[in-house]
Amino acid sequence: MAQSRATIERRQLGAELRRLREGAGKSQKEAADVIECDASLISRLERGQASLKIIEIESLLDYFHAPSDSREQIKGLAQTARQRKPRRVYSDGLPGAFRRLLDHEQDATEIYYADSELIPGLLQHEDYIRAMMRSAEAITPNADREDSETHVRFRLERQELLERTNPPLIWFVIGEAALRRPIGSQRILQSQLEHLLAMVERHPHVVVQVVPLNAVDHPLLGGPIEILRFGDTVPDIVHQPTFIGAGVYVVEQRDIDECTRAFDRLRAIALGPQESQDFIARHVKELGHGHG
């Protein structure tokens with residue numbers, strides 16, 4: 001079978017099948033035997049570089065004893081992955097979308113994240129996360145507290161990436177507004193900024209820059225953006241969180257290049273990494289005086 005281009009849909013399908021296979025304790029060779037193919041095909045499938053017929057996907061799901069909800073999710077991904085119509089963006093509206101974002105971050109060699117309004121999720125303190133969840137519950141009728149707790153656990157699990165052996169380079173550019181906006185309370189904000197400084201000091205692979213409010217010609221106003229690079233293995237992708245749902249992926253190369261140029265421009269107008277740490281530390285001190 002010819003090798004397919006590693007589209008975002010195929011990569012997400014491959015990640016889900018890999019998780020099910022490993023959860024079932026099966027090897028790639030054992031999975032290959034089920035559909036009578038070479039183990040290299042399963043390897044390419046899990047990397048998003050090959051596709052299978054739906055009947056072959058169903059055979060693997062049977063072999064992995066996939067639960068019913070996972071079966072429908074995987075089959076939905078498989079149908080999407082087989083579509084040949086090109087799209088500029090891909091919206092992942094199926095269950096498990098946040099988990100698939102985590103998969104992409106785990107596979108990345110470099111992550112670049114810009115947010116003007118909030119501290120990025122990978123750097124959020126637990127109290128800050130919970131305050132955000134409470135704010136979301138206030139505008140959601142019949143909010144499910146268990147669902148909110150799931151989001152908290154996901155964000156904390158996502159941050160394990162920072163502690164991993166051989167982690168990716170992670171470069172954040174944060175707007176000054178995010179450093180001054182109290183989420184929950186001023187005390188929670190102070191704890192968040194102290195946590196942010198600790199992360200930078202402890203992890204040499206984490207870089208933080210601050211864009212002051214008086215910076216001219218900010219190129220990425222209007223929403224957060226995350227650029228994920230994977231070395232020479234597969235093409236870069238861009239993820240943009242959305243208010244509703246898990247966000248969208250930018251998949252056209254010309255659009256990815258434009259996002260990358262905008263991020264590079266943002267880095268150029270931001271304070272340098274050391275200046276940014278000093279800026280954050282001064283604001284932490286101001287917050288401390290305010291509580292005194």
(request) Ignoring hydrogens and angles, state whether a donor on the side chain of Q186 or Q190 is under 3.5 Å from an acceptor on the partner side chain. (result) no
(message) Could you check whether any side-chain N or O of S59 sits under 3.5 Å from a backbone N or O of I55, counting only pairs where one atom can act as donor and the other as acceptor?
(response) yes
(message) Strictly distance-based, threshold 3.5 Å: is any side-chain N or O of Q277 a donor or acceptor partner for the main-chain N or O of Q274?
(response) no
(request) For R19, enumerate each residue passing the side chain to side chain donor-acceptor pair (under 3.5 Å) test, keeping only those at least two apart in sequence or located in another chain. (result) E16, D103
(message) Among residues at least two apart in sequence or on other chains, which ones pass salt bridge (Lys or Arg N to Asp or Glu O under 4.0 Å) with R158?
(response) E105, E226
(request) Quickly, which of R155, R130, Q192 forms a side-chain hydrogen bond (donor to acceptor under 3.5 Å, both in side chains) with Q124? Name it, please. (result) R155
(message) Taking the side chain as everything from C-beta on, heavy atoms only, tell me whether R261 gets closer than 4.5 Å to D264.
(response) no
(message) Please check this pair: side chain of H205 against backbone of L162, looking for a donor-acceptor N/O pair closer than 3.5 Å.
(response) yes
(message) Can a donor-acceptor pair be found, under 3.5 Å and without considering hydrogens, that links the side chain of S116 to the backbone of G175?
(response) no
(request) Could I get the full list of salt bridge (Lys or Arg N to Asp or Glu O under 4.0 Å) partners for D236, not counting sequence neighbours? (result) R229
(message) Strictly by ring pair (Phe, Tyr, Trp, His ring centres under 6.0 Å), give each pair with a member in residues 16-39 just once, sequence neighbours left out.
(response) none
(message) Test: ring pair (Phe, Tyr, Trp, His ring centres under 6.0 Å). Region: residues 40-70. Which pairs qualify, not counting sequence neighbours?
(response) none
(message) Donor-acceptor check, side chain of R11 to backbone of G48, threshold 3.5 angstrom: yes or no?
(response) no
(message) In terms of relative ring orientation, are F98 and H151 parallel, tilted or perpendicular, with 30° and 60° separating the classes?
(response) perpendicular
(request) Step by step, work out the side chain to side chain donor-acceptor pair (under 3.5 Å) result for H289 and E286. (result) CA-CA 5 Å; H289 289 159; E286 292 171 6; over 6 Å; no
(request) Using a 4.5 Å cut-off on heavy atoms from C-beta on, say whether the side chain of F172 contacts that of L122. (result) yes
(request) Applying side chain to side chain donor-acceptor pair (under 3.5 Å), name anything that partners Q253, two or more places apart in sequence or on another chain. (result) D257
(message) If you define the side chain from C-beta out and look only at heavy atoms, does anything of L61 sit under 4.5 Å from I57?
(response) yes
(message) With a 3.5 Å distance limit and no angle check, can you tell me whether E56 reaches the backbone of K53 through a side-chain donor-acceptor pair?
(response) yes
(request) Quick one: which residue pairs count as a ring pair (Phe, Tyr, Trp, His ring centres under 6.0 Å) with a foot in residues 210-235, not counting sequence neighbours? (result) none
(message) Quiz question: by atom type and distance under 3.5 Å, do the side chains of Q28 and E46 form a donor-acceptor pair?
(response) yes
(message) For Y128 and H195: C-alpha separation, side-chain torsions, deciding distance, then whether ring pair (Phe, Tyr, Trp, His ring centres under 6.0 Å) applies.
(response) CA-CA 10 Å; Y128 187 94; H195 176 73; 9.7 Å; no
(message) Between V211 and L266, is there a side-chain heavy-atom distance shorter than 4.5 Å?
(response) yes
(request) For the residue pair Q106 and R164, confirm or rule out a side-chain donor-acceptor distance under 3.5 Å. (result) yes
(message) Closer than 3.5 angstrom, by distance alone: can the side chain of Q209 be matched with the main-chain N or O of R267 as a donor-acceptor pair?
(response) yes
(request) First locate atom CD1 of I42, then atom OG of S27, and finally report the distance between them rounded to the nearest 0.5 Å. (result) 10.0 Å
(message) Is it the case that the side chain of S70 and the backbone of A66 share a donor-acceptor pair, with hydrogens and angles ignored and the cut-off at 3.5 Å?
(response) no
(request) Would you please name every residue forming a side chain to side chain contact (heavy atoms under 4.5 Å, CB included) with L156, sequence neighbours left out? (result) E126, I129, V152, Q159
(request) Report whether L118 and L213 are members of the same hydrophobic cluster (ILVMFWY, side-chain heavy atoms less than 4.5 Å apart, transitive linking). (result) no
(message) K75: which residues meet the side chain to side chain donor-acceptor pair (under 3.5 Å) condition with it, sequence neighbours left out?
(response) E58
(request) Report yes if the side chains of T260 and I227 come closer than 4.5 Å at any heavy-atom pair, otherwise no. (result) yes
(request) Return yes if a side-chain donor-acceptor contact under 3.5 Å exists between S43 and R47, otherwise no. (result) yes
(message) For E22, give me all partners under salt bridge (Lys or Arg N to Asp or Glu O under 4.0 Å), at least two apart in sequence or on another chain.
(response) none
(message) Can you list everything that forms a salt bridge (Lys or Arg N to Asp or Glu O under 4.0 Å) with K285? Sequence neighbours excluded, please.
(response) none
(message) Distance alone, cut at 3.5 Å: any donor-acceptor contact between the side chains of W171 and E110?
(response) no
(message) Do I269 and V216 have side chains that approach each other closer than 4.5 Å (heavy atoms only, starting at C-beta)?
(response) no
(request) List in chain and number order the residues that pass side chain to side chain donor-acceptor pair (under 3.5 Å) with R71, two or more places apart in sequence or in another chain; answer none if no residue qualifies. (result) D62
(message) Evaluate R180 against E176 for salt bridge (Lys or Arg N to Asp or Glu O under 4.0 Å), listing each step before the verdict.
(response) CA-CA 7 Å; R180 297 190 177 279; E176 181 182 348; 2.7 Å; yes
(message) With heavy-atom distances below 4.5 Å as the criterion, would you say the side chains of I280 and V208 are in contact?
(response) yes
